[in-house]
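Since the structure comes first, as structure tokens, the remarks are kept for the end.
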Amino acid sequence: MAIVMEEHELRQLVQSCRFAARNGKIPDYIPALKKADPGLFGCVVCNGEKTITAGEVEEPFTLQSVSKIISLALALMDKGEEAVFQKVGMEPSGDPFYTLQALEEGRPSRPMNPMINAGALAVTSLLAGNSTEEKLGRLLAFVHELTENTSINICEETAQSELEHADLNLALCHYMKSHGVVHGNMEELLEVYIKQCALRVTCRDLAKIGSVIGRNGNDPATGRSIIPPRIARIVKTFMVTCGMYNASGEFAIKAGIPTKSGISGALVSALPDGTGIGIVSPPLDEKGNSAGGVKLLETLAERRKLSIF
Ligand code: GLN
């Protein structure tokens with residue numbers, strides 16, 4: 001199967017998008033993330049048969065909000081749709097990912113969707129496992145299976161740094177606990193969530209994850225089902241409607257590629273033909289998405305007619 005473009009074209013594209021990254025800003029609310037190299041730019045495209053790369057693709061970074069699609073898939077596999085959507089809605093919020101406001105306004109008070117922080121915290125609370133370690137162990141095993149990379153681990157430095165500055169996420173947990181959305185120990189829930197965000201990957205791993213999701217949950221190498229097709233479809237749909245936070249509508253019009261972003265500057269995209277795209281470029285635009293990465297996907301989608309719409 002032909003891949004979206006030749007490697008030399010991808011390299012030119014990455015080169016031409018580096019300028020867009022200069023308009024972005026490294027986020028400063030998690031001290032460990034401030035150390036990110038603003039010049040880092042990597043992109044991997046893989047379709048199971050072929051992999052092409054451009055830029056600094058061996059550099060590791062943390063998943064951050066990209067982990068929200070992984071925990072969602074696992075929670076749906078663990079507990080089923082009914083249990084998950086009792087706790088979290090299916091609608092885009094149009095608000096920034098960290099907001100408390102929508103929780104206060106909602107009746108009943110439950111997060112609007114699994115891609116904002118409140119929703120992701122509620123989803124993480126549903127993961128099967130009797131302890132923090134067991135839940136994280138299961139998440140890690142799932143990521144290893146999705147990427148075929150068993151060397152992926154948690155970046156403890158990033159996790160600790162975020163744990164020390166997690167008042168807002170802890171407030172979201174307590175608010176939801178007081179409304180019966182989540183139960184138990186909120187410090188433990190916060191720890192699992194922050195450590196899932198601190199999973200350290202490369203663009204290769206992201207591209208592989210995108211490829212599995214694009215193939216409705218099937219491993220591109222073996223054809224084996226890792227995520228049931230219906231759950232892969234739910235994940236892809238959230239990537240389109242909420243994957244880029246409150247820029248999801250604009251991104252759907254300009255690129256039209258199911259994509260999830262994270263504040264590390266990570267982006268994972270899943271194309272319907274089973275092509276996965278993994279990008280990292282840390283400076284973010286004002287909505288919290290990788291400025292250079294968004295430019296790259298919009299340009300690629302326009303040139304190769306990749307919009308799913
Ligand atoms: N760990 C970050 C947080 O919870 C992830 C946010 C993001 O990537 N948008 O704030």
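Note that this is a predicted model, so its numbers are computed, not measured.
Note: R204 CZ to I209 CD1 = 14.0 Å, rounded to the nearest 0.5 Å. Taking CE of M239 as the start and CD1 of I234 as the end, the distance is 14.0 Å to the nearest 0.5 Å. Rounding to the nearest 0.5 Å gives a distance of 7.0 Å between OG1 of T202 and CD1 of I152. Separation of atoms CZ (F251) and CD (E298) is listed at 6.5 Å; rounding is to 0.5 Å. Atom CD1 of I257 sits about 10.0 Å away from atom CE of M244, to the nearest 0.5 Å. A distance of 12.5 Å separates CZ of F61 from SG of C155, quoted to the nearest 0.5 Å.
The neighbour count for K135 NZ, taken as heavy atoms of other residues, nucleotides or ligands under 6.0 Å away, is above 12. Atom CD of E7 is surrounded by more than 12 heavy atoms from other residues, nucleotides or ligands within 6.0 Å. Other residues, nucleotides and ligands contribute more than 12 heavy atoms inside 6.0 Å of the CZ atom of F142. Taking a 6.0 Å sphere around CD of E250, one finds it holds 12 or fewer heavy atoms contributed by other residues, nucleotides or ligands.
P92 is not listed as a side-chain neighbour of S248, based on a closest heavy-atom distance of 4.5 Å or more. Annotation: side chain of E162 is in contact with side chain of N169 (closest heavy-atom distance under 4.5 Å). With contacts defined as side-chain heavy-atom distances shorter than 4.5 Å, the pair P31/S161 qualifies. The shortest distance between side-chain heavy atoms of I279 and F41 falls below 4.5 Å. Between L146 and I227 the shortest side-chain heavy-atom distance falls below 4.5 Å. T53 is not listed as a side-chain neighbour of C43, based on a closest heavy-atom distance of 4.5 Å or more. You'll find the side chain of N246 stays beyond 4.5 Å of the side chain of F97, heavy atoms only. The shortest side-chain heavy-atom distance between L13 and T299 falls under the 4.5 Å cut-off.
No hydrogens or angles considered: nothing links the side chains of T147 and D205 as a donor-acceptor pair under 3.5 Å. Using a 3.5 Å distance cut-off with no hydrogens or angles, the side chains of K208 and S211 do not pair a donor with an acceptor. The closest side-chain donor-acceptor pair between N216 and K236 falls under 3.5 angstrom.
With sequence neighbours left out, the salt bridge (charged side-chain N to carboxylate O under 4.0 Å, His left out) criterion links E82 to no other residue. D78 pairs by the salt bridge (charged side-chain N to carboxylate O under 4.0 Å, His left out) definition with R138, not counting sequence neighbours. Contacts of E157 classified as side-chain hydrogen bond (donor to acceptor under 3.5 Å, both in side chains), with partners at least two apart in sequence or in another chain: K35. By the salt bridge (charged side-chain N to carboxylate O under 4.0 Å, His left out) test, R18 is found to be paired with E56, residues two or more places apart in sequence or in another chain being considered. Not a single salt bridge (charged side-chain N to carboxylate O under 4.0 Å, His left out) links E59 to another residue, sequence neighbours left out.
Using a 4.0 Å cut-off between charged nitrogen and carboxylate oxygen, E145 and R224 count as a salt-bridge pair. The pair K254-E302 fails the salt-bridge criterion, with no side-chain N (NZ, NE, NH1 or NH2) lying under 4.0 Å from an Asp/Glu carboxylate O.
Hydrophobic clustering places L140 together with V212 (ILVMFWY residues linked when any side-chain heavy atoms are closer than 4.5 Å, directly or through intermediates). Cluster membership for M5 and V57, using ILVMFWY side-chain heavy atoms within less than 4.5 angstrom, is not shared. Note on L103 and M112: separate hydrophobic clusters, where clusters join Ile, Leu, Val, Met, Phe, Trp and Tyr whose side-chain heavy atoms are under 4.5 Å apart, directly or indirectly. One hydrophobic cluster holds both V201 and L72 under the rule that ILVMFWY side chains link at heavy-atom gaps under 4.5 Å.
Here the closest non-hydrogen pair linking C242 and M115 is O-CB, 3.6 Å. Pairing each heavy atom of H179 with each of S109, the nearest pair is ND1-CB, 3.5 Å. When all heavy atoms of P283 and A21 are compared, the closest pair comes out as CB-O, 3.2 Å. In terms of heavy-atom proximity, K79 sits nearest to L126 at NZ-O, 2.7 Å. Summarising the geometry of N113 relative to V88, their closest heavy-atom pair is C-CG2, 3.3 Å, with the distance given to 0.1 Å.
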Under 3.5 Å donor-acceptor pairs involving side-chain atoms of residues 191-199, not counting sequence neighbours:
from: E191; atom 1: OE2; to: K195; atom 2: NZ; distance (Å): 3.0
from: Y193; atom 1: OH; to: N117; atom 2: OD1; distance (Å): 3.3
from: Q196; atom 1: OE1; to: T124; atom 2: OG1; distance (Å): 2.8
from: Q196; atom 1: NE2; to: S67; atom 2: OG; distance (Å): 3.2
from: Q196; atom 1: NE2; to: S71; atom 2: OG; distance (Å): 3.2

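Here the side chain of R304 pairs a donor or acceptor atom with the backbone of V4 at under 3.5 angstrom.
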